[in-house]
Amino acid sequence: MLRGRTRRGRGASYAAADDDPLDAAQERRVRAVLALGGVSQADLPDGVQQVRLRLLERAASGREAPRDVSAWAAVVASNLAMDWHRAKRRQERLGERLASLRPAEAPSGEEASLLSLAVARGLDELPDAQRQVVVLRFYADLPVRSIAEQLGVPEGTVKSRLHTAVRALRARLHEDEVV
């Protein structure tokens with residue numbers, strides 16, 4: 001949770017080093033949402049810092065702290081992941097193939113790794129809005145109501161996107177003969 005303590009120095013306010021707006025559990029959740037949203041391992045620390053920065057900027061602007069910092073941080077991370085994913089697509093269209101950075105095949109003999117890779121590929125193929133609700137619901141473990149509130153859409157829209165996305169993922173897994 002955001003802490004109210006700030007120190008003043010040279011006319012500017014800044015958070016004390018021990019006033020991290022994200023606790024360890026929230027940071028793990030943010031990392032998971034970013035990773036599941038397609039952000040590369042090398043970019044995860046920057047993504048976590050971006051979430052921290054947005055939370056601190058919110059506090060510095062005088063706005064109230066979010067009611068549920070963990071849910072708010074997960075949604076911000078999801079939005080960052082969507083931005084990253086869009087940038088990745090633009091680069092691919094320009095010929096800068098990021099796919100070569102990913103391992104092409106799962107480790108042999110590990111069924112779980114194969115399934116994880118197939119799900120990740122399936123998530124990559126979903127439209128941004130569907131991928132976002134899947135990651136927030138199943139990986140960040142947010143309830144539908146919280147997702148709807150954070151995204152500013154009706155609960156029915158979240159449910160519809162989830163249904164469509166899960167159906168598409170299931171079809172993809174059957175197509176790849178993973179399940």
Side-chain angles (χ1 to χ4, degrees), residues 1 22-23 25-41 43-44 46-48 50-51 54-55 58 64-93 97-99 101-107 110-179:
M1 207 136 178
L22 297 178
D23 65 27
Q26 291 165 337
E27 182 176 334
R28 282 191 302 275
R29 181 184 246 184
V30 165
R31 283 180 173 278
V33 169
L34 289 169
L36 291 166
V39 176
S40 70
Q41 290 292 320
D43 292 331
L44 288 180
D46 290 338
V48 172
Q50 282 294 319
V51 172
R54 290 190 185 175
L55 194 53
R58 180 182 175 107
E64 279 184 42
R67 262 188 315 193
D68 183 351
V69 174
S70 186
W72 182 90
V75 170
V76 170
S78 176
N79 289 335
L80 286 171
M82 285 176 54
D83 291 345
W84 185 91
H85 204 66
R86 286 182 189 125
K88 177 181 170 191
R89 284 187 189 156
R90 281 191 300 270
Q91 289 176 343
E92 286 174 348
R93 280 184 295 223
R97 307 296 297 174
L98 295 178
L101 299 176
R102 278 190 167 164
E105 296 180 23
E110 294 198 19
E111 198 170 301
S113 294
L114 182 62
L115 180 59
S116 295
L117 184 59
V119 170
R121 286 181 180 161
L123 282 172
D124 283 346
E125 292 175 1
L126 290 176
D128 292 337
Q130 290 177 9
R131 181 177 44 262
Q132 183 178 35
V133 296
V134 167
V135 169
L136 291 173
R137 177 66 189 107
F138 297 113
Y139 294 100
D141 199 28
L142 294 180
V144 170
R145 174 174 287 161
S146 183
I147 295 169
E149 288 173 2
Q150 296 295 325
L151 296 178
V153 298
E155 286 183 48
T157 300
V158 173
K159 290 176 184 178
S160 173
R161 289 176 184 172
L162 280 170
H163 176 77
T164 304
V166 168
R167 190 175 61 215
L169 283 172
R170 186 177 294 126
R172 169 63 192 243
L173 294 176
H174 284 292
E175 186 179 297
D176 289 348
E177 298 178 358
V178 176
V179 291

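In this text, all values refer to a predicted model and were calculated from it rather than measured experimentally.
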Visitor: Does Q26 reach the main-chain N or O of D23 with its side chain, forming a donor-acceptor pair under 3.5 Å?
Guide: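 Yes; judged by distance alone, with no hydrogens or angles, the pair exists.
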Visitor: Shortest non-hydrogen contact from A74 to V33?
Guide: O-CG1, 3.6 Å
Visitor: Show the numbers, then the answer: is there a side-chain contact (heavy atoms from CB on, under 4.5 Å) between Q41 and L44?
Guide: CA-CA 5 Å; Q41 290 292 320; L44 288 180; 3.5 Å; yes
Visitor: To the closest 0.5 Å, what do you measure between CG (L123) and CG (L36)?
Guide: 7.0 Å
Visitor: Would you sort out whether R121 and D124 count as a salt bridge (charged side-chain N to carboxylate O under 4.0 Å, His left out), showing the intermediate values?
Guide: CA-CA 5 Å; R121 286 181 180 161; D124 283 346; over 6 Å; no
Visitor: Taking all non-hydrogen atoms of both residues into account, name the closest pair between L34 and A77 and its distance.
Guide: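 So the minimum-distance heavy-atom pair works out to CD2-O, 3.3 Å.
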Visitor: Using a 3.5 Å distance criterion without hydrogens, assess whether the side chain of T164 forms a donor-acceptor pair with backbone atoms of S160.
Guide: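 Yes.
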Visitor: Should V39 and R31 count as side-chain neighbours, where that means a heavy-atom distance under 4.5 Å?
Guide: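 The answer is no, as the side chains (C-beta and beyond) never meet within the 4.5 Å cut-off.
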Visitor: Hey, can you pull the donor-acceptor pairs under 3.5 Å for the side chains in residues 133-155, sequence neighbours left out?
Guide:
from, atom 1, to, atom 2, distance (Å)
R137, NH1, L142, O, 3.2
R145, NE, E155, OE2, 3.3
E149, OE1, R67, NH2, 3.4

Visitor: Between S40 and W84, what is the shortest heavy-atom contact and its length?
Guide: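 Heavy atoms of S40 and W84 come nearest at N-CZ2, 3.7 Å.
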Visitor: From L126 CG over to R161 CZ, what is the distance, rounded to the nearest 0.5 angstrom?
Guide: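 Nearest 0.5 Å value for the CG-CZ distance: 12.5 Å.
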Visitor: Measure the CG-CG distance between D46 and L80 for me, rounded to the nearest 0.5 Å.
Guide: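 Going from CG on D46 over to CG on L80, the span is 10.5 Å.
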Visitor: Run the numbers on K159 and H163 for side-chain contact (heavy atoms from CB on, under 4.5 Å), then give the verdict.
Guide: CA-CA 6 Å; K159 290 176 184 178; H163 176 77; over 6 Å; no
Visitor: Output yes when R131 and D128 qualify as a salt bridge under the 4.0 Å nitrogen-oxygen rule, no when they do not.
Guide: yes
Visitor: Rounded to the nearest 0.5 Å, what's the gap from CG on N79 to CZ on R54? Could you check?
Guide: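 One finds 7.5 Å between CG of N79 and CZ of R54.
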Visitor: Given 3.5 Å as the limit, does a donor-acceptor pair link the side chain of R58 with the main chain of A65, or not?
Guide: no
Visitor: Working to the nearest 0.5 Å, report the span between CG of L162 and OG1 of T157.
Guide: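 The CG atom of L162 sits 11.0 Å away from the OG1 atom of T157.
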